[in-house]
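Working notes, beginning with the structure itself.
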Amino acid sequence: ATWWDQFSILFQRGFKEKRHEYLSTIRVVQVIAIAVVVLLLWWHSDASSPQKLQGLLFFISVFWGFLPLFNSVFTFPQERLMLAKERSVGMYKLSAYFAARSACDLLLDLTLPILFLLMVYFMVGLKSSFSAFSLTLLALFLNIIAAQGLGLAIGAAFMDLKKATTIASVVVMSFMLSGGFYLKVN
């Protein structure tokens, strides 16, 4: 089979396996509950207050950094045995597997943020224009892609789940602390 055929089959298989996990009731409820909390805290925030909007945008970026990172940390450790078995008989190329898994995870990772941002963006009083919303969505997508890539790298580097989650926690906390939000500039 060609690389593209391998990719297509692996993508379809991955989508069938992962869609129930990514779009599970508990995850949808989690995202909606966080959106409701955000709405309660920032409902029609004063647009002239940069600190309120900075806090909102920081929270959104941290929330959508944590979720895909910790979901993708588990990808390689959980699938290592199956991958080794299928690769040992030459079922597909590793590059086809990696590309299909990344594309599938990315597609599913971007579904709930769209729902979340549609709920939150206009209700908290952010700039009501298509271009501003599109740029916010693009920034959120890039944040998710970076977090997913970091999670995959950590999961592949530390195949032990305890070590991988510990390293991921330390890395995310370091990014949060060095992001500058907790510093007050006079």
Grab the two heavy atoms, one from [X] and one from [Y], that are nearest each other, plus how far apart they are.
| X | Y | result |
| --- | --- | --- |
| A103 | F11 | C-CE1, 3.7 Å |
| G151 | S72 | CA-OG, 3.3 Å |
| G65 | N143 | N-ND2, 3.9 Å |

Inspect the contact between E79 and K85 and indicate whether a charged nitrogen and a carboxylate oxygen are less than 4.0 angstrom apart.
no
NZ/NE/NH1/NH2 to OD/OE distance under 4.0 Å, E86 and R80
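R80 and E86: not salt-bridged.
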Distance, nearest 0.5 Å, that separates [atom1] of [X] from [atom2] of [Y]:
| X | Y | atom1 | atom2 | result |
| --- | --- | --- | --- | --- |
| I32 | L112 | CD1 | CG | 8.5 Å |
| F175 | S61 | CZ | OG | 12.5 Å |
| F7 | T2 | CZ | OG1 | 11.5 Å |
| Y121 | K127 | OH | NZ | 8.0 Å |
| I145 | L106 | CD1 | CG | 5.0 Å |
| F122 | S129 | CZ | OG | 8.0 Å |

Report yes if the side chains of N71 and R27 come closer than 4.5 Å at any heavy-atom pair, otherwise no.
yes
Taking Q6 for its side chain and K93 for its backbone only, find out whether a donor-acceptor pair lies under 3.5 Å.
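Side chain of Q6 to backbone of K93, a donor-acceptor pair under 3.5 Å: yes, one is there.
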side-chain contact (heavy atoms from CB on, under 4.5 Å), paired with W64, selected from L117, V31, D109:
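Single side-chain contact (heavy atoms from CB on, under 4.5 Å) partner of W64 among L117, V31, D109: V31.
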Is there a continuous path of hydrophobic side-chain contacts, each under 4.5 Å between heavy atoms, that joins [X] to [Y]?
| X | Y | result |
| --- | --- | --- |
| W43 | I60 | yes |
| F116 | L40 | yes |
| I26 | F70 | no |
| L115 | V29 | no |
| L67 | V170 | no |

Taking atom CZ of F98 as the centre, does the number of heavy atoms from other residues, nucleotides or ligands within less than 6.0 Å exceed 12?
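No, not enclosed.
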Yes or no on side-chain hydrogen bond (donor to acceptor under 3.5 Å, both in side chains) for S102 and D105, after CA distance, side-chain angles and deciding distance?
CA-CA 5 Å; S102 297; D105 286 350; over 6 Å; no
Within 45° cone of Y97 ring axis and under 6.0 Å: R87 NZ or CZ
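No, a cation-pi geometry is absent between R87 and Y97.
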Does the ring centre of Y92 sit less than 6.0 Å away from the ring centre of W3?
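Between Y92 and W3, which both carry aromatic rings, the centre distance is not below 6.0 Å.
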